[in-house]
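Letters A, B, ... mirror the listed sequences (proteins, then strands); counts begin at 1.
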Amino acid sequence: MNPTTDNELMLRVKGGELEGLNLLFSRYQAMLTGYFYQQSRNHEVAKDLTQDTFWRILRYRQSYQPKSAFKAWMFQIARNIYFDHCKRNKGIFENFEEGVQKEFSEENRPCPHEKNDDIQLLNQAMAKLPEDKREVLILARFENLNYREIASILGCSVNNVKIRVYRALEALKLNYHSLEGGKA
Amino acid sequence: MNDEDIIKYMGRLKKPNHSAEDEGSVGEIWKKLSNQPLDHDDPESQARFAERLEAYEQGLEDAKSVSVENERKTTRKIIAFPSSVLAAAAVLLLSLTSVILYNGYREERSQSSELQKLLTLTLIQQNSPSQRIDGTLFASRIETPDASVHQELLRMIAKDPSTNVRLSAIQSLEPHVGNSVIRESLIELISEQESSLVAVTLCQVILPHASSAEYAKIFSEMENSSISPERIEVLRNSVQTRI
């Protein structure tokens with residue numbers, strides 16, 4: 001068995017060759033963990049949610065339709081997993097901005113790759129964005145999905161995605177310059 | 001920028017080799033976002049998922065073997081199923097047929113009883129004594145005569161001008177003398193009889209069913225009736241013999 005595309009792999013999983021999921025996991029775990037981390041600002045939560053996403057893919061493998069791209073289907077599941085997680089932990093993770101502030105506070109040693117001031121500012125600016133704007137930026141830039149894929153995940157048109165990304169970038173830019181000005 | 005310009009602009013910005021011109025507006029922040037570090041593969045997570053998947057597959061295998069066993073049991077049940085179903089169906093069919101037949105029989109009998117009752121009441125009210133006698137005979141054939149028939153027969157015993165009709169009415173009521181209400185009514189009619197024959201017949205019909213408490217009233221009624229003292233004595237003796 002050496003299927004190359006995600007869809008082929010997923011179809012085999014659907015057909016009962018469950019070990020194919022290991023390969024899909026290795027392909028997408030970094031992407032999903034990044035998505036969840038950008039949403040939750042918590043590495044452990046991000047890892048757990050990545051596991052949960054693939055667990056749900058496993059359980060609902062029969063609902064996979066080959067006409068839709070695996071990546072888009074996977075992100076739809078990931079979004080639902082994240083919404084469920086937020087509902088379950090309402091009050092704990094409700095204030096995303098506070099989470100970011102805590103993450104960059106003195107007592108919390110930042111991750112080595114986030115020592116850069118610019119990245120910190122950008123993350124704080126992201127934290128001030130409304131949920132929907134933050135999500136579309138994560139998908140478009142951090143996960144580097146194309147507009148068609150994002151449209152499929154969010155259930156809207158490609159042009160609508162472009163406009164949403166643009167509006168989100170505008171808002172992020174404002175937040176960023178505002179933080180930058182305050183720091184200066 | 002209007003929506004159309006935004007759509008064009010974002011199309012260009014997404015391309016990796018977009019020009020410096022395109023970096024205006026939100027291009028700068030777009031570029032900064034690309035500097036965000038990416039998460040890398042985590043072998044620990046990979047191992048964790050592989051382990052979970054293996055456990056799931058094992059669970060599926062176990063479930064399959066249980067399922068096969070359950071399937072065998074189900075097959076055995078299915079094989080045993082038809083005979084029990086057939087037996088149940090037969091019992092059900094018999095029950096239904098019985099209920100239908102019984103209902104039909106009951107309905108027929110009920111209709112017949114209603115017709116007899118109607119005929120009795122009609123005949124009892126005829127001018128002809130022979131027809132009234134026929135009415136009393138029809139009354140005796142009604143299996144479950146209701147109070148209206150009894151009342152008509154009692155009225156005939158009390159007031160019918162024909163002795164034969166009264167005697168026939170007494171015979172029709174004889175099977176129901178065990179009913180204390182009817183018996184009490186009959187006792188009261190003894191003294192009202194002009195005909196000693198009718199009075200004696202009444203006493204002969206009542207006495208076998210009377211309670212000891214009723215004897216005094218019956219003999220009191222006899223003494224006020226048209227029955228001769230000698231006849232009363234005979235009746236009294238028959239009662240004492242019975243006691």
Within a strict 4.5 Å, meaning less than it, do heavy atoms of the R52(B) and L58(A) side chains meet? no

Y176(A) portion near chain B, given a 4.5 angstrom heavy-atom threshold: side chain

Report the relative orientation of the aromatic rings in F25(A) and F49(B); use parallel for angles under 30°, tilted for 30 to 60°, perpendicular for over 60°. parallel

Using atom types as modelled and distance alone, determine if a side-chain donor or acceptor of Y147(A) lies under 3.5 Å from a backbone N or O of M10(B). yes

For L53(B) and E19(A), which heavy atoms make the closest approach, and how far apart are they? CD2-CA, 4.1 Å

Under 3.5 Å donor-acceptor, Q51(A) side chain and S45(B) backbone: yes

Can you tell me if Q46(B) has over 12 outside heavy atoms packed within less than 6.0 Å of its CD? yes

The interface call for L137(A) against chain B, heavy-atom contacts under 4.5 Å, is side chain

Side chain, backbone, both or neither: which part of D48(A) has a heavy atom under 4.5 Å from chain B? both

Taking atom CG of N159(A) and atom NZ of K8(B), what is their separation to the nearest 0.5 Å? 11.0 Å

For the CG atom on N127(B), are there more than 12 heavy atoms of other groups (residues, nucleotides or ligands in this structure) within a distance under 6.0 Å? no

Is the number of heavy atoms from other residues, nucleotides or ligands within 6.0 Å of CD (Q126(B)) greater than 12? yes

When you look at CD of Q62(A), are more than 12 heavy atoms from neighbouring residues, nucleotides or ligands closer to it than 6.0 Å? yes

Does the side chain of I163(A) reach to within under 4.5 Å of the side chain of I7(B), using non-hydrogen atoms? yes

Side chains of I6(B) and R167(A): does their closest heavy-atom pair fall under 4.5 Å? yes

With rounding to the nearest 0.5 angstrom, report the NZ to CD distance, K47(A) to E44(B). 5.5 Å

